[in-house]
Amino acid sequence: MADPFKAILISRDEDKRQSVAVTELAEADLMDGDVTVAVEATTVNYKDGLAITGRAPVVRRFPMIPGVDFAGTVTHSNHPEWKKGDKVILNGWGVGEVHYGAYAGKARVKGEWLIPLPAGMSVRDAMAIGTAGYTAMLCVMALERNGITPGQGPVVVTGAAGGVGSVAVALLSGLGYHVVASTGRTSETEYLKGLGAAEVIAREELAGAAKPLGKERWVAGVDTVGSHTLANVLSMTSYGGAVAACGLAGGMDLPSSVAPFILRGISLLGIDSVMAPKQLRLDAWRRLGTDLDMSRLAALTTVAGFDDIIGIAHDIVDGKVRGRVVIEM
Ligand code: NDP
């Protein structure tokens with residue numbers, strides 16, 4: 001086989017039972033696309049964990065190479081924007097879900113899905129950020145578009161010790177916000193304070209059934225958890241505030257009422273990274289290049305290898321991964 005490379009492949013049998021194996025593929029096995037990239041770094045997001053464990057129907061075409069994020073070097077291009085040697089990043093666009101993804105030595109994708117690696121950023125930094133960090137940035141930008149500023153009051157971040165949460169804490173504190181970090185792992189209090197959290201609160205405070213309106217505790221929020229947690233965040237947001245909702249680590253439901261919206265004028269801002277338009281991605285990655293303190297990014301990142309991906313995928317859906325994991329290929 002010419003140029004074989006290792007890949008993780010998710011398959012499904014006739015009874016729709018899913019299995020995951022490490023295999024060897026060649027470029028000829030990849031799906032159609034106009035740019036081929038040597039994958040140099042990737043990461044494990046919550047969604048990758050769902051895909052590999054099969055706990056949610058993330059993969060919608062079988063077999064599938066999972067992995068929604070990669071950074072690497074273009075080896076071949078028929079797309080006018082890219083040439084051999086260009087350093088690129090890919091986040092989302094259904095890669096790792098319906099199009100062969102990042103957990104392979106090579107990836108072939110549509111050139112329009114790629115963005116350039118920001119100047120001064122390594123492939124490793126880009127994957128330490130990954131979809132999780134880029135989503136955290138989208139949340140911060142959405143709050144800003146809604147007029148939230150550091151002087152107005154605290155911002156709560158839920159699931160704070162996770163990937164999106166850790167980057168959100170680092171970004172918001174770097175921008176001057178008073179960050180309230182909510183976590184189920186209070187043993188990570190020092191870690192979260194190291195990222196810039198001003199206060200750390202226990203996840204349980206936001207876990208019960210929400211009152212229509214609670215005591216006003218913060219002016220804004222970044223929520224990665226959903227369900228009762230998001231309902232409580234909304235009910236405790238002060239008049240005119242805004243909450244960016246991006247995750248479902250605690251559930252997909254939203255047991256809330258309209259009270260925060262119609263009595264306090266709160267805005268609920270939906271955040272999607274997967275199909276976000278290119279200009280928004282470019283803006284978010286530019287902001288990450290300037291606003292994210294690289295020493296804090298290093299503090300929230302651990303590095304692992306290709307052979308660790310499957311184990312980490314199980315750990316992340318069990319809430320056992322702290323911050324972000326970079327996979328060096
Ligand atoms: P992580 O697993 O790294 O972080 C999730 C965190 O949520 C955990 O670390 C934990 O934080 C908390 N958590 C986990 N389970 C529960 C629970 N049952 N109840 C309350 N809190 C819980 O995942 P990511 O940061 O990668 O992703 C976070 C969420 O955001 C996921 O739901 C993911 O699907 C979503 N996401 C959405 C995107 C979008 O485009 N909208 C893009 C990227 C992610 P702690 O231990 O601190 O409590």
Side-chain angles (χ1 to χ4, degrees), residues 42-53 55-58 67-69 91-97 127-142 156-171 179-193 195 197 200-208 221-233 243-254 268-277 280-281 284 300-302 312-326:
T42 177
T43 178
V44 183
N45 293 283
Y46 190 84
K47 191 184 227 173
D48 302 313
L50 293 175
I52 286 179
T53 60
R55 284 200 207 171
V58 167
V68 305
D69 274 333
N91 311 112
W93 293 118
V95 169
E97 302 179 51
M127 287 297 103
I129 294 168
T131 283
Y134 142 64
T135 301
M137 191 75 242
L138 292 178
C139 290
V140 172
M141 289 163 63
V156 67
V157 176
T158 65
V164 176
S166 292
V167 179
V169 169
L171 275 172
V179 178
V180 180
S182 164
T183 182
R185 292 179 270 181
T186 42
S187 56
E188 297 295 358
T189 297
E190 286 315 306
Y191 163 77
L192 289 165
K193 291 205 163 162
L195 296 181
V200 177
I201 64 170
R203 175 198 287 182
E204 289 71 34
E205 286 190 38
L206 306 176
V222 171
D223 178 64
T224 71
V225 175
S227 193
H228 291 294
T229 303
L230 176 55
N232 276 295
V233 166
V243 177
C246 71
L248 45 59
M252 209 168 189
D253 58 332
L254 178 52
L268 177 56
L269 314 172
I271 304 299
D272 169 61
S273 66
V274 180
M275 303 307 284
L280 185 59
R281 292 167 186 260
L300 63 82
T301 303
T302 48
I312 296 167
H314 283 84
D315 286 345
I316 200 164
V317 290
D318 289 337
K320 289 186 194 157
V321 172
R322 184 180 90 174
R324 300 276 305 134
V325 181
V326 174

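Computed over heavy atoms, backbone and side chain alike; hydrogens, waters and symmetry mates excluded. Counting convention: from 1, in listed order, for ligands and their atoms alike. Please read all numbers here as calculations on a predicted model, not as lab measurements. Positions are given from 1, in the same order as the sequence printed here.
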Can you tell me if R324 and T43 form a side-chain donor-acceptor pair at under 3.5 Å? yes

List every atom of ligand 1 that sits less than 4.0 Å from any heavy atom of G250, numbering the atoms from 1 in the order shown and giving each element. 17 (C), 18 (N), 19 (N)

N232 side-chain N/O to G208 backbone N/O, donor-acceptor pair under 3.5 Å: yes

Need the ligand 1 atom indices (1-based, order shown) with element for anything under 4.0 Å from a heavy-atom of T131. 42 (C), 43 (C)

Min N/O separation I271 to ligand 1 under 3.5 Å: yes

How close do S227 and L254 get, counting heavy atoms only, and between which atoms? O-CD1, 4.0 Å

At their closest point, which heavy atom of A142 faces which heavy atom of L269, and how far apart are they? O-CD1, 3.5 Å

At under 4.0 Å between heavy atoms, is it the side chain or the backbone of L50 that contacts ligand 1, or both, or neither? neither

Who's the nearest protein heavy-atom neighbour of atom 48 (O) of ligand 1, and how far? G184 N, 2.7 Å

Give a yes/no on ligand 1: does D272 have at least one heavy atom closer than 4.0 angstrom to it? yes

So which atom in A313 and which in T53 form the shortest heavy-atom distance, rounded to 0.1 Å? O-CG2, 4.1 Å

Answer with side chain, backbone, both or neither: which part of V225 has a heavy atom less than 4.0 angstrom from an atom of ligand 1? side chain

Closest to atom 23 (O) of ligand 1 among protein heavy atoms sits Y46 CB, 3.3 Å

At a 4.0 Å threshold, what atoms of ligand 1 neighbour a non-hydrogen atom of S273? 39 (C), 40 (O), 42 (C)

So which atom in A128 and which in T301 form the shortest heavy-atom distance, rounded to 0.1 Å? CB-OG1, 3.4 Å

Backbone N or O of G165 within a donor-acceptor pair of the T224 side chain at under 3.5 Å? no

the protein heavy atom lying closest to atom 47 (O) of ligand 1 turns out to be T183 OG1, 2.6 Å

Quick one: which ligand 1 atoms are inside 4.0 Å of a heavy atom on G247? 29 (C), 30 (O), 32 (O), 35 (C)

Write down the atom of A51, the atom of V58, and the distance for their closest heavy-atom approach. CB-CG1, 3.9 Å

Using the test side chain to side chain contact (heavy atoms under 4.5 Å, CB included), find all partners of A160 that sit at least two apart in sequence or belong to another chain. V157, V169, A181, L192

Taking atom 29 (C) of ligand 1 as the reference point, the nearest protein heavy atom with its distance: T224 O, 3.5 Å

Where the closest heavy atom to atom 12 (C) of ligand 1 is concerned, which of G92, G165, G159 has it? G159

Any idea which atoms of ligand 1 are less than 4.0 Å away from a heavy-atom of A161? 47 (O)

Numbering as shown, the atoms of ligand 1 that approach A160 to under 4.0 Å (heavy-atom distance): 47 (O)

For atom 25 (O) of ligand 1, which candidate among V164, V157, L192, L206 holds the nearest heavy atom? V164

Is the shortest N/O to N/O distance between G319 and ligand 1 below 3.5 Å? no

How far is atom 32 (O) of ligand 1 from its nearest protein heavy atom, and which residue and atom name does that atom have? L248 N, 2.9 Å

Ranked by distance from atom 37 (C) of ligand 1, the top protein heavy atom is C246 O, 2.9 Å

Using modelled atom types and a 3.5 Å cut-off, is there a donor and acceptor pairing between side-chain atoms of R203 and backbone atoms of R185? no

Run the side-chain contact (heavy atoms from CB on, under 4.5 Å) test on V167 and M137 for me, step by step, so that the C-alpha distance in whole Å, both residues' side-chain angles and the decisive distance to 0.1 Å come before the verdict. CA-CA 8 Å; V167 179; M137 191 75 242; over 6 Å; no

Residue and atom name of the nearest protein heavy atom (relative to atom 8 (C) of ligand 1), distance in Å to one decimal: R185 NH2, 4.1 Å

Indicate whether the side chain of D69 and that of T42 have a donor and an acceptor atom separated by less than 3.5 Å. no

Looking only at non-hydrogen atoms, which of G49, G163, A249, G130 approaches atom 7 (O) of ligand 1 most closely? A249

With heavy atoms under 4.0 Å as the rule, classify the contact between T135 and ligand 1 as side chain, backbone, both or neither. side chain

May I ask you to say whether R55 pairs ionically with D318, meaning some side-chain N is under 4.0 Å from a carboxylate O? yes

Compare every heavy atom of N45 with every heavy atom of I316, then report the nearest pair and how far apart it is. CD1-C, 3.7 Å

Starting from atom 22 (C) of ligand 1, which protein heavy atom do you reach first, and at what distance in Å? R203 NH2, 3.4 Å

